[in-house]
Amino acid sequence: MSSEATPIQESRPVTPPLTSPKSPCSPESLHLPTYKLRERSPSPMRDFLIPSPLPTRRNRTISASTRAAEGPVFSGVCKCFSRSKGHGFITPSDGGNDIFVHISDVEGEYVPVEGDEVTYKVCAIPPKHEKIQAVEVNITHLKPGSKHETWGGHVISS
């Protein structure tokens, strides 16, 4: 027996190079499923689905509607109203800040236009009830010399 020790060789596993065509991670071996895109409906309101924080006639609570109905009637002049946007503003006849009006709160057969005299009641806007909006808006006098549109779309000159 010899007193010389044989050197121990470390054995390391041989890994294939990353560009090996047999590698399971190579792009050639991956087969991703193909997905068919669904057709979306051509809704004009598709991009406007954020719920409005303003209470309309439909989502106003019964107690808020009752308080507004029991309140005093104010008068003012329509500052602006956009049928396509669905809202506008009224300038009170006693001065003060303009008051918001939603399309669902306009009574009568005509769409308000700038200069129309209106009567309205007020209702607080949640969540803090610091601002108010006009409810039960009625046009009392149409602005002379302007064209008025009915809710049905007919244009009438006054």
Side-chain angles (χ1 to χ4, degrees), residues 18-21 23-158:
L18 292 177
T19 59
S20 169
S23 171
C25 295
S26 69
E28 293 87 19
S29 66
L30 293 177
H31 297 288
L32 297 175
T34 58
Y35 295 104
K36 185 178 181 181
L37 293 176
R38 243 178 9 128
E39 291 291 324
R40 298 199 92 190
S41 73
S43 171
M45 298 303 290
R46 182 175 66 221
D47 298 330
F48 302 101
L49 296 179
I50 298 172
S52 174
L54 297 170
T56 63
R57 179 179 290 174
R58 291 185 195 167
N59 60 11
R60 190 175 300 126
T61 62
I62 295 173
S63 59
S65 297
T66 304
R67 280 194 303 273
E70 293 172 351
V73 176
F74 299 97
S75 63
V77 176
C78 180
K79 179 180 181 180
C80 62
F81 191 85
S82 173
R83 184 176 182 174
S84 60
K85 291 180 182 178
H87 68 273
F89 291 92
I90 296 173
T91 302
S93 45
D94 63 353
N97 296 335
D98 293 339
I99 299 173
F100 175 84
V101 58
H102 190 265
I103 193 169
S104 66
D105 292 312
V106 178
E107 309 284 338
E109 62 178 310
Y110 294 109
V111 179
V113 296
E114 181 180 347
D116 286 347
E117 294 180 21
V118 295
T119 59
Y120 59 93
K121 296 182 179 182
V122 294
C123 180
I125 300 175
K128 296 181 181 180
H129 300 288
E130 293 174 349
K131 298 182 180 180
I132 57 174
Q133 77 178 51
V135 296
E136 298 182 24
V137 178
N138 291 303
I139 300 174
T140 55
H141 293 98
L142 301 175
K143 179 181 178 184
S146 63
K147 294 184 179 180
H148 283 80
E149 184 180 4
T150 64
W151 295 110
H154 303 288
V155 178
I156 299 170
S157 297
S158 60

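Just so you know, residue 1 is the first one in the sequence shown, and it goes up from there.
I125 CD1 to I132 CD1: the interatomic distance, rounded to the nearest 0.5 Å, is 8.0 Å. D105 CG to Q133 CD: the interatomic distance, rounded to the nearest 0.5 Å, is 5.5 Å. Here K79 contributes atom NZ and E114 contributes atom CD; the two are 9.5 Å apart, rounded to the nearest 0.5 Å. For the atom pair NE2 of H87 and CD1 of I103, the computed distance is 10.5 Å after rounding to the nearest 0.5 Å. Interatomic distance, S75 OG to I90 CD1, rounded to the nearest 0.5 Å: 10.0 Å.
Shown here for V113 and S146, the closest heavy-atom pair between the two residues is CG2-OG, 4.1 Å. The two residues P92 and I99 make their nearest non-hydrogen contact at CG-CD1, 3.9 Å.
Annotation: D94, atom CG; neighbour count of heavy atoms from other residues, nucleotides and ligands within 6.0 Å is above 12.
Residues that satisfy the ring-ring contact (aromatic ring centres under 6.0 Å, His included) test with F74, not counting sequence neighbours, are Y120. Scored by the ring-ring contact (aromatic ring centres under 6.0 Å, His included) test, F81 finds no partners at all (sequence neighbours excluded).
The aromatic rings of H102 and F100 lie tilted to each other, with the angle between the two planes from 30° to 60°.
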Could you go through the side-chain contact (heavy atoms from CB on, under 4.5 Å) check for L142 and Y110 one step at a time? CA-CA 9 Å; L142 301 175; Y110 294 109; 4.2 Å; yes

Given V122 and V135, is the side-chain contact (heavy atoms from CB on, under 4.5 Å) satisfied, shown in steps? CA-CA 6 Å; V122 294; V135 296; over 6 Å; no

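Applying the side-chain hydrogen bond (donor to acceptor under 3.5 Å, both in side chains) test between D116 and each of H141, H148, K143 identifies H148 as the sole match.
Side-chain polar atoms of T140 and T119 form no donor-acceptor pair below 3.5 angstrom.
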